[in-house]
Amino acid sequence: MAAIVDRRGLDAQGYIEREGSLGRVPRVFRPVVAAARDRLLHVYGGRLDSAYLYGSIPRGTARVGRSDLDLLVATRQEPTEEDRDAARSLGEALDKEFPEIDGTGILLYGRARLLSEPETYDIGWFLACLCTPLLGEDLAEYLPRYRPDSRLARETNGDLALLLPRWRERIAASEDTEEARGRLVRFMSRHLVRTGFTLVMPRWNGWTSDLAEMAGAFGAYYPGRADDLRAAAVLGREPTGDARVLRSYVDDLGPWLAEEYARVHGVKTPRPDGTA
């Protein structure tokens, strides 16, 4: 009898399967998704190329009152400051109107950048594999299929060393409140867990967006740091405003992870505008 192979988010050819679909959106979140779709059309009109959902809502794992509404918006031309202001205003309005969500995040890119060669294995991969089409043409049709290899690991999360100084600045500038620190803990916890996972992704040979599963995969290869990432996975879902956690991220776990990542996969290719 043939062995059963656990492909862990891969299709029969070993490519990462696109996660999420509109059919998986829980019923309670459908009104906010519909409102977002209609308002994006109203706000951007002919400037809008396409729009996508990503995160826990299209995966069907969102929690009422705890999960964000996450959107990626592609404009026909490079977005202007007016476009970015409109995205912020739209997100604030949706968050205020719909108690089912805890915040709205809108990523805004021009079509050309999303399909550019430097972004193919970064934001292009993100669109093609982690985003669910909501409006317009699906730009994934113009992108390759992706395997969980070292190139993908390098180009998605090989910039942690550059991010850590910015994280320290954000921590220093943050309000000295439990709520403000909690938002940073949540954001940084998730980023570190995903970075730890993509560090081992080629060896694990699969894809998952589940934080606990990511931490478990990492721990199988780095048992000495397994507890750190498991704790970060918990805080990514249930954050606290503990300043000691933030310090440990930028002084210990983050620097170690950045160094190990560069050793194993190299660093992310610099972008034409000088950013990673």
Check this for me: does any side-chain nitrogen of one of [X] and [Y] sit under 4.0 Å from a carboxylate oxygen of the other?
| X | Y | result |
| --- | --- | --- |
| Arg166 | Glu169 | no |
| Arg247 | Asp252 | no |
| Glu92 | Arg88 | no |
| Asp149 | Arg147 | no |

* With respect to Tyr249, which candidate in Leu184, Leu235, Ile171 satisfies the side-chain contact (heavy atoms from CB on, under 4.5 Å) definition? ->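 Among the candidates, only Leu235 passes.
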Got [X] and [Y] here, is their nearest side-chain heavy-atom distance under 4.5 Å?
| X | Y | result |
| --- | --- | --- |
| Leu127 | Asp138 | yes |
| Arg186 | Asp68 | yes |
| Tyr146 | Thr120 | yes |
| Leu69 | Leu53 | yes |
| Glu238 | Arg66 | yes |
| Leu143 | Leu114 | no |
| Tyr222 | Leu199 | yes |
| Leu253 | Ser248 | no |

* May I ask you to check whether over 12 heavy atoms, not counting those of Gln77, lie within 6.0 Å of atom CD? => no
* Any chance CD of Glu259 has more than 12 other-residue heavy atoms, nucleotides or ligands included, within less than 6.0 Å? ->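 Not buried by this count: 12 neighbours or fewer within 6.0 Å.
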Using every non-hydrogen atom in the two residues, find where [X] and [Y] come nearest and quote the distance to one decimal.
| X | Y | value |
| --- | --- | --- |
| Arg76 | Asp49 | NH1-OD2, 3.8 Å |
| Gly254 | Leu164 | C-CD1, 3.6 Å |
| Tyr52 | Cys131 | CB-CB, 3.7 Å |
| Asp102 | Asp95 | C-OD1, 3.8 Å |

* Asked: CH2/Trp167 to CG/Leu246 distance, rounded to the nearest 0.5 angstrom?
  -> 10.0 Å
Could you check whether any side-chain N or O of [X] sits under 3.5 Å from a backbone N or O of [Y], counting only pairs where one atom can act as donor and the other as acceptor?
| X | Y | answer |
| --- | --- | --- |
| Thr61 | Ile57 | no |
| Arg168 | Val250 | yes |
| Glu178 | Gly241 | yes |
| Arg18 | Ala128 | yes |
| Arg30 | Val25 | yes |
| Arg63 | Arg237 | yes |
| Asp83 | Thr80 | yes |

* **Matching residue for Glu119 among Lys268, Arg113, Arg111 - test: salt bridge (charged side-chain N to carboxylate O under 4.0 Å, His left out)** =>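 When Lys268, Arg113, Arg111 are each tested with Glu119, the salt bridge (charged side-chain N to carboxylate O under 4.0 Å, His left out) holds only for Arg113.
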